[in-house]
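Model, not experiment: these values are computed from the prediction. In what follows, every chain begins at residue 1, and chains take the letters A, B, ... in the order their sequences are listed.
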Amino acid sequence: MLSLQNRKDILFLSILAAILLIVLPMGLDAFRLNLIGKYLTYAFVTIGLVACWGDSGILSLGQGIFFGLGGYCMAMFLKLQASTLEATKNQSTPGIPDFMDWNQITALPWFWKPFHSLSFSLIAMMVIPAVLAVVIGAAMFKRRVGGTYFAIITQAIASVLTILIVGQQGYIGGVNGITDLRTLDGWDIRTDHAKYILYYAGVVLLLACLLLLRFVRKSKLGRILRAMRDQEDRVRFSGYNVANFKIFIFALAAAMAGIGGALFTLEVGFMSPTFVGIVPSIEMVIYCAVGGRNSLVGAVYGTLLVNWARTSFSESFPEIWTFAMGGLFIAIVLFLPGGLASLYQNYIDPYVCRILKGNGRQTSHTVDKAI
Amino acid sequence: MLSGYSFNDLASIFVMQSFAGLILFSVFLLMALGLAIVFGQMGVINMAHGEFMILGAYTTYVCSYIFAQWMPALFGLYFFIAVILSFIVAGAVGMFLEWSLIRFLYKRPLDTLLATWGVSLILQQIFRSTFGAREVGVTLPDWMMGSWNLSETIQIPINGMIVIAITLLITIVIYGLLYKSGWGKQVRAVMQNRTMAGDVGINTERVDRFTFGLGCGVAGVAGAAFTMIGSTSPTAGQQYIVDTFLVVAFGGTESLGGTIASAFSISQARSILEFFLSGSMAQVLVLLTVIGILMLRPQGLFALKVRR
């Protein structure tokens, strides 16, 4: 017999899976479904933020860095695929990406060369963000820097990366980003059919990441992270190396953001610095805050809701949308710090417990929410 | 990168770029002073600080418009009126923000960061709806347009000197306020121990409100100075906020002298490098250096010795 908590987790995950895998594909046309797919790539970042910010108290305002790095790794591979000798024969140097040719670069820079290989690109999109996260984390957490300082430094790094990408027009595509991506290892990613497959691949990967994070949160590691968030010194005095746990969870979130970025590139067909900088990084924190910083499925719903609202509002009233976005943010922080998930926790959860168990009174205050 | 310039050329470039750096330094310093007061003294991260700067810049713009339209005789003096008005407008909005939002969040510093980001979004949209999305610039009165020819190759613009003078004045006033006045003593007492300060009869809520208002008002003055070096657009403040945070963190949050030194070194390094490298690479190089130093010395260059 499974415990109540496990049964609830299974229920929530199945509901989310049913919505994403069955309800949405049946109810939406290919264009709208691709939009949902794009939003779901942000959800990879927000569930990472749940683990980092909600569980461990590390607020990173630079998740766009990792999203962007993952996206650029994928975009570089796709761009090299699109820049065959055949396709670029009108350039002064055939065989290199078009923006390099426009910027009078005549040979492929060294850091582009490994991206000819699909397997290298796939590994790089996770490993490069994770390694950078370990470097940042080691530098900061080992010196016991956290809280607001960490937020500012990650934000500054996001800013630096954007300026760097925008400034290096010839090497990495500048402000336009890497555009005109066509095929993944010979498979055309622009058809409607491909969009469906990419959507399903994205959902399955997201569910896998959710399960992995659930495993982490359920484990002893997850309990240490929460203890660290609430009483860091006590955990340190109990003999745990606090910094290493922080570095681990930060790197895990970074790797997931990298996967999200790579999927984003595949679904949207380009990558540009507008998805790297400060504004997208903070917006991802908003999605997470709206959904609930302590709830993995909440963060996914938050991401979908905010983005859906943005798309439908900004189509008709772009001005009101910015006000609404700002107001929503203030309201959530002031009145609902737990996000939508806390609404559920207060009003619906007791009923769910009663249905699943019979008497929900004693168990509705479970502290170890895993999902 | 130095080849092709004679020694005289280099000296002139160095002086002119340093002076350009001094104007950037003025804007940085005014922004950072405001932020250091709010962040260092109160522990509040105000992401809308850049928008308060832009509020000051738009106030200056409106002021110049009104003077040009109705009081052309006094146009030469509008800038000084604009500086004062910018301070009052930004300060008043800041105090309103503290009263309506910030005071509920003192115990949750990370959440202030998020809430003030929402505020900055709203302010940006208000600017956009009122003044349009296009950049606006102010016309300078004739006497501020000229420059002072130090030698054949070195020219110092007059408006720059005025900006620097105003910055110096404000820095001295703030130093006096914080370290030489009774009110400053109250501010520092509240910062060091809120409960004890309340116990000895300091109205901590009032101190908080005025401190926040002062920080925002100084940002407004930074905006007035900003109109001298750039044109104002609704999102211009966002580009400055990260640099300003780094200036404050680099200097050490509790130290006014540290803020001045770090604003000076960052703006000078950037301005001089900008001549030899492209603008974006200079910025990247300076920011990376600052981040690197902060990773080695997280408490900033001039930190107070505080037992944590």
Side-chain angles (χ1 to χ4, degrees), chain A residues 53 57-59 61 135-136 138-140 142-169 174-175 233 277-279 282-283 285-286 288-289 293 318-335 337, chain B residues 39 43-45 47-48 97 100-101 104-105 108-126 128-129 234-235 238-239 241-246 248-250 253 277-292 294-300 308:
Chain A
W53 177 36
I58 310 164
L59 176 57
L61 292 185
V135 172
I136 297 174
M140 308 288 293
K142 292 276 186 200
R143 288 193 172 72
R144 301 190 185 177
V145 176
T148 50
Y149 255 83
F150 184 74
I152 291 173
I153 298 273
T154 48
Q155 196 179 35
I157 296 171
S159 163
V160 168
L161 191 63
T162 321
I163 300 170
L164 198 64
I165 294 173
V166 171
Q168 298 302 315
Q169 181 89 27
V175 71
D233 283 339
I278 299 169
V279 177
I282 294 192
E283 279 180 358
V285 178
I286 306 185
C288 181
R293 64 184 81 164
E319 294 212 347
I320 298 177
W321 168 246
T322 317
F323 283 124
M325 184 94 166
L328 173 78
F329 210 12
I330 297 170
I332 288 277
V333 169
L334 269 186
F335 305 114
Chain B
F39 179 48
V44 168
I45 294 204
M47 291 297 290
L97 180 67
S100 56
L101 180 69
F104 302 110
L105 297 170
R108 298 187 275 156
L110 286 180
D111 284 5
T112 26
L113 197 158
L114 301 179
T116 47
W117 177 259
V119 173
S120 83
L121 283 182
I122 292 176
L123 283 175
Q124 275 176 29
Q125 189 56 42
I126 292 176
R128 207 172 288 132
S129 311
T235 47
Q238 226 168 45
Q239 296 155 9
I241 190 73
V242 173
D243 296 277
T244 317
F245 270 127
L246 281 186
V248 175
F250 189 55
T253 42
L277 302 163
S278 70
S280 66
M281 280 316 284
Q283 210 178 343
V284 166
L285 215 62
V286 172
L287 284 178
L288 278 182
T289 314
V290 171
I291 293 170
L294 274 179
M295 283 182 170
L296 295 175
R297 202 180 146 77
Q299 69 274 40
R308 292 184 196 280

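Only the side chain of A:L61 comes within contact range of chain B, with heavy atoms under 4.5 Å apart. Both the backbone and the side chain of A:I157 come within contact range of chain B, each with at least one heavy atom under 4.5 Å from a heavy atom of that chain. Heavy atoms of A:I152 lying under 4.5 Å from chain B belong exclusively to its side chain. Within the 4.5 angstrom heavy-atom criterion, only side-chain atoms of A:I282, from C-beta onward, approach chain B. Contacts of B:Q238 with chain A are made by side-chain atoms alone, with heavy-atom separations under 4.5 Å and no backbone atom involved. Heavy atoms of B:I291 lying under 4.5 Å from chain A belong exclusively to its side chain. For B:L123, no part sits under 4.5 Å from any heavy atom of chain A, backbone or side chain. Heavy atoms of A:I136 lying under 4.5 Å from chain B belong to its backbone as well as its side chain.
Contact count against chain B (heavy-atom pairs under 4.5 Å) is highest for A:G326 among A:G326, A:A151, A:P337. Looking only at heavy-atom pairs under 4.5 Å with chain A, the residue among B:T116, B:L294, B:L121, B:L114 that has the most is B:L114. Comparing A:V333, A:V166, A:V285 by heavy-atom pairs within less than 4.5 Å of chain B, the highest count is held by A:V333.
A:I153 places a side-chain heavy atom less than 4.5 Å from the side chain of A:M140. Within the 4.5 Å cutoff, no side-chain heavy atoms of B:T112 are placed close to those of B:L101.
Note: A:I286 CD1 to A:I332 CD1 = 10.0 Å, rounded to the nearest 0.5 Å.
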Trace of the side-chain contact (heavy atoms from CB on, under 4.5 Å) decision for A:T154 with A:L59:
CA-CA 9 Å; A:T154 48; A:L59 176 57; over 6 Å; no

CA sep, side-chain torsions, deciding dist, call: A:M325, B:Q125, side-chain contact (heavy atoms from CB on, under 4.5 Å):
CA-CA 11 Å; A:M325 184 94 166; B:Q125 189 56 42; over 6 Å; no

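Heavy atoms of other residues, nucleotides or ligands lying less than 6.0 angstrom from CZ of B:R108 number more than 12.
A perpendicular orientation is assigned to the rings of B:F245 and B:F39, their planes being inclined by more than 60° (bins at 30° and 60°).
The main-chain N or O of B:L285 is found under 3.5 Å from a side-chain atom of B:T289 such that the two form a donor-acceptor pair.
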